[in-house]
> 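Before we start, here is the structure in question, set down as structure tokens.
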Amino acid sequence: MSVDEIEERIAKAATDAGRDPGSVTLIAVSKQQPLDRVEAVLDEGYRIFGENRVQEAAGKWPDFRARYDGIKLHIIGPLQTNKARQAMEMADAIHSVDRPKLANTLARLAQEIGTCPELFIQVNTGEEEQKAGVLPADTDFFIETCRGLDLPIRGLMCIPPVEEEPSLHFALLAKIAERNGLGGLSMGMSGDFEKAVSFGATHVRVGSAIFGDRDYPAKG
Ligand SMILES: *Cc1c(COP(=O)(O)O)cnc(C)c1O
């Protein structure tokens with residue numbers, strides 16, 4: 001599906017929910033996609049992309065940035081502290097802040113570099129053992145911790161368990177964000193972005209619906 005078609009569907013879902021379509025940002029998730037598919041979307045004029053691995057992002061985006069103006073890059077996958085500097089220098093937003101050690105590292109680097117991408121705290125709404133993210137019960141405290149470090153926390157992010165109805169997870173994320181005064185909600189992927197919009201998503205992360213199936217199975 002083209003980016004235009006996805007944007008139309010987002011706009012319709014927003015309007016149906018009584019929301020301003022302009023309040024939802026589509027992040028085109030280009031991880032593990034052949035470069036020509038990414039280039040085709042750049043040629044259509046789209047500029048907001050998501051990658052889940054710093055290494056992979058570093059391999060393709062400097063070149064694209066040299067050739068196309070105005071690219072915004074969102075890091076949406078788990079972030080190791082030893083990749084934090086690279087992520088901060090490259091990204092406009094990081095969606096996977098999920099532990100104090102990482103928060104401390106980001107805060108120190110923000111001081112050093114003098115700027116910091118917009119940050120989202122990842123919440124493990126399904127309390128899945130293998131999944132990254134702060135547990136729902138620990139999220140309020142972690143948000144406080146991040147604010148104490150002067151980090152620019154824009155909102156919360158979640159990836160609902162694959163086997164579950166995502167609505168409950170979207171609703172939970174929205175509730176935690178609201179009681180903490182956070183406006184950003186990064187939720188919704190190819191299979192459920194319209195539903196996420198109806199629950200208040202401000203950032204939807206859509207990969208395969210735009211680019212087609214990935215080269216190899218996703219991790220994380
Ligand atoms: C891969 C990925 C997506 C996009 O998934 P699709 O199902 O291809 O739309 C969204 N969010 C995260 C964190 C991802 O890793």
Side-chain angles (χ1 to χ4, degrees), residues 1-10 13 24-35 37-38 40-41 46 48-61 72-80 83-84 87 90-99 102 117-128 130-134 139 154-167 169-170 172-174 177 184-220:
M1 221 174 293
S2 72
V3 165
D4 281 352
E5 286 171 281
I6 302 279
E7 287 205 301
E8 272 169 36
R9 286 172 57 179
I10 290 171
V24 186
T25 299
L26 168 63
I27 299 168
V29 179
S30 49
K31 69 178 186 204
Q32 301 163 4
Q33 294 289 351
L35 294 180
R37 289 192 199 160
V38 182
V41 170
Y46 207 70
I48 307 170
F49 293 86
E51 289 284 343
N52 74 333
R53 294 192 209 165
V54 175
Q55 204 76 3
E56 186 186 336
K60 70 180 98 151
W61 288 100
K72 300 281 184 204
L73 192 58
H74 293 243
I75 295 292
I76 60 175
L79 183 57
Q80 294 165 260
K83 301 257 170 63
M90 169 165 60
D92 298 284
I94 296 173
H95 292 236
S96 45
V97 183
D98 64 352
R99 57 197 192 281
L102 178 59
E118 279 196 331
L119 302 176
F120 291 78
I121 291 171
Q122 183 172 353
V123 182
N124 185 357
T125 56
E127 308 193 21
E128 296 172 278
Q130 79 288 2
K131 200 167 269 176
V134 189
T139 305
R154 170 89 169 77
L156 305 179
M157 178 273 228
C158 77
I159 308 171
V162 252
E163 303 296 332
E164 285 181 34
E165 162 57 40
S167 298
H169 298 275
F170 296 155
L172 174 61
L173 198 72
L185 285 173
S186 167
M187 57 190 195
M189 317 198 329
S190 289
D192 55 19
F193 65 90
E194 287 152 307
K195 192 169 275 176
V197 168
S198 75
F199 280 91
T202 58
H203 295 71
V204 294
R205 311 177 308 265
V206 180
S208 44
I210 295 173
F211 297 102
D213 287 338
R214 283 181 278 276
D215 275 355
Y216 49 98
K219 275 203 198 143

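As the structure lists them, so they are numbered: ligands from 1, and atoms in each ligand from 1.
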> Number the atoms of ligand 1 from 1 as they appear, then name those within less than 4.0 Å of a heavy atom of Gly207, with their elements.
4 (C), 6 (P), 8 (O), 9 (O)

> Among residues at least two apart in sequence or on other chains, which ones pass ring-ring contact (aromatic ring centres under 6.0 Å, His included) with His203?
Phe120

> Does an N or O anywhere in Ile159 fall below 3.5 Å from an N or O of ligand 1?
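It does not: no N or O of Ile159 is found under 3.5 Å from an N or O of ligand 1.
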
> Pick one of side chain, backbone, both or neither for how Arg214 approaches ligand 1, counting any non-hydrogen atom pair under 4.0 Å.
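It is the side chain that gets close, since no backbone atom is under 4.0 Å.
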
> Which atoms of ligand 1 sit under 4.0 Å from any heavy atom of Arg205?
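Numbered from 1, ligand 1 contributes 4 (C), 9 (O), 10 (C), 11 (N), 12 (C), 13 (C).
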
> Do Ser208 and Arg214 have side-chain atoms, one donor and one acceptor, less than 3.5 Å apart?
no

> Taking Asp98 for the side chain and Gln122 for the main chain, is one N or O donor matched with an acceptor at less than 3.5 Å?
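Side chain of Asp98 to backbone of Gln122: no pair is present.
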
> Within the 4.0 Å heavy-atom shell around Val206, which atoms of ligand 1 are there?
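Near Val206, meaning under 4.0 Å from one of its heavy atoms, ligand 1 has 9 (O).
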
> With distance as the sole test, does Glu194 use its side chain to make a donor-acceptor pair with the main-chain N or O of Ile10 at under 3.5 Å?
no

> Does a side chain donor of either Gln33 or Ser30 reach within less than 3.5 Å of an acceptor in the other side chain?
no

> Pick whichever of Met189, Lys31, His203 has a heavy atom sitting closest to atom 10 (C) of ligand 1.
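Heavy atom nearest to atom 10 (C) of ligand 1 belongs to Met189.
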
